[in-house]
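Structure, as structure tokens:
Naming: A, B, ... by sequence-line order, numbering from 1 per chain.
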There are 2 protein chains.
Amino acid sequence: MKRSFQIKMPKQEVFNRELVLQQASNVFHHKGYNATSMQDLVDATGLNRSSIYNSFDSKLKLYLECLNSYQTKYQNIMHSILIKAENPFNAIALIFKKYVEEIIADKDRKGCLITNCKSEMANQDVTVNYFLHNNQKETLALFEDLVKKGQEEQLINTNKHPKAYGMYLFSSIQGLRMTGILNQNEHELMELVHITLDTLK
Amino acid sequence: MKRSFQIKMPKQEVFNRELVLQQASNVFHHKGYNATSMQDLVDATGLNRSSIYNSFDSKLKLYLECLNSYQTKYQNIMHSILIKAENPFNAIALIFKKYVEEIIADKDRKGCLITNCKSEMANQDVTVNYFLHNNQKETLALFEDLVKKGQEEQLINTNKHPKAYGMYLFSSIQGLRMTGILNQNEHELMELVHITLDTLK
DNA sequence: ATACATTTGAAACGTTCATTTCAAATAAAA
DNA sequence: TTTTATTTGAAATGAACGTTTCAAATGTAT
């Protein structure tokens, strides 16, 4: 196949974009956005400064890509939980249990990247704010749907509307994540989760 | 009265320390620790750089004083709530109601200075970490005490130990504070609070 | 008025920041 | 092999960072 004005193909990106995002996410997660320097990101990714700017434009855009990558990772985890859960209430319980496991496994006590982001950046950058609103919308939709199905199967009481219980679960998760920064005692955290979930029973 | 080696009294600090801490707190609250520059603090307080360093030693120490000042302010609020509350359960309800009011009044969506601090700094600085642990200890003690008394007065169920319910309330407050950054709808927040507190009934 | 310890203001400190520049290296297509 | 668009590495950019310096101003006590 011949073309008169054939486009010459350039040298391509050689790094694994998803791996780089993972490495950058680790730094942002550990230090937060503002305390993370471009040098930190160069060191963590092994990429050259100009390669980072070529591929991600700016520190802020790289951060946003990390947030999206982190969100996608958790969406996949949630999806696999939904598949293996026995029923909607059990799915909610497994999600909370998963978060407790993450907290205990997090020896650096970093908390949740997205919760930290909300605390640090929600009122500072409009694109970050937009991401956070979207993340909230999707999380609320997941919980609301599970509560609605749980109520239909009479596993969850109907004292409150699914929207209200969805908000309650979303807020409880954020509280759990914050609490988990200083407290990593599995028994105490699970008791907290039991109290939270008994409300739905 | 005469003394051979009389100490000459120096010019004294002229500014109101508590006011300056309030002004500095506003900046830290709005931007977080790392995004706040010394120039921001100079602008907000009207003090000269060297006066700030003379009086507070460093940005970090000033931050810690702001945290303590903020904590004291809330302790006073809690104290006045305890006085006017009809009973221990009502005290807890008034505390949550107060937080909802703070969230709604916070047009800058700054969240809680201490929660934000935990998210940004708990794993970065040991003195901040110490402050946060102490703040948690005191808050837990307050809630535990209220729950214990509420149970004794049969206003709160005895399904769980006061310590466990105290932790639940502490975690719920943090969740509420995080949720309130993006969501300032009074009705939704109060519904959230009602669900949280109904657990104790 | 004078002496003096401290605060204050303005400038400067050296460092680090995010970002840009640009020549050299690279890989795909001709 | 040559051409070409892009990536890469290393250095440089100017601005901003937290902190220090020090002479001048200030207020107290003699």
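Residues B/Lys201 and B/Phe89 form a side-chain contact, since some pair of their non-hydrogen atoms from C-beta on lies under 4.5 Å apart.
Closest to the side chain of B/Lys59, out of C/dA18, D/dT8, D/dG18, is D/dG18.
Taking atom CD of residue B/Gln39 and atom P of nucleotide C/dA12, one finds them 16 Å apart after rounding to whole Å. Regarding B/Tyr53, its OH atom lies at a distance of 18 Å from the P atom of C/dA11, rounded to whole Å. One atom, CD1 of A/Ile52, and another, P of D/dT7, lie 14 Å apart when rounded to the nearest Å. The interatomic distance linking A/Asn48 (CG) with D/dT7 (C1') rounds to 9 Å, in whole Å. The distance between atom CZ of B/Phe56 and atom C1' of D/dG18, rounded to the nearest whole Å, is 16 Å. The CG atom of A/Asp40 sits 14 Å away from the P atom of C/dT19 (whole-angstrom rounding). In this structure, B/Met38 places its CE atom 17 Å from C1' of C/dT16, rounding to the nearest Å. In this structure, A/Asn54 atom CG and C/dA23 atom C1' are separated by 15 Å, rounded to whole Å.
A centroid separation of 6.0 Å or more is found between the aromatic rings of B/Phe170 and B/Phe143.
A donor-acceptor pair shorter than 3.5 Å cannot be found between the side chains of A/Glu120 and B/Asn116.
Looking at heavy-atom distances under 4.0 Å, B/Ser37 makes contact with sugar-phosphate atoms alone, never a base.
Regarding contacts with the backbone of C/dT8, every side-chain N or O of B/Ser50 stays at 4.0 angstrom or more from both OP1 and OP2.
Scanning atom types as modelled, no donor and acceptor separated by under 3.5 angstrom connect the side chain of A/Arg49 and the base of C/dT20.
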In sequence, state the C-alpha distance, the side-chain angles, and the governing distance for B/Glu188 and B/Asn183, and then conclude on side-chain hydrogen bond (donor to acceptor under 3.5 Å, both in side chains). CA-CA 8 Å; B/Glu188 285 182 24; B/Asn183 190 326; 2.8 Å; yes

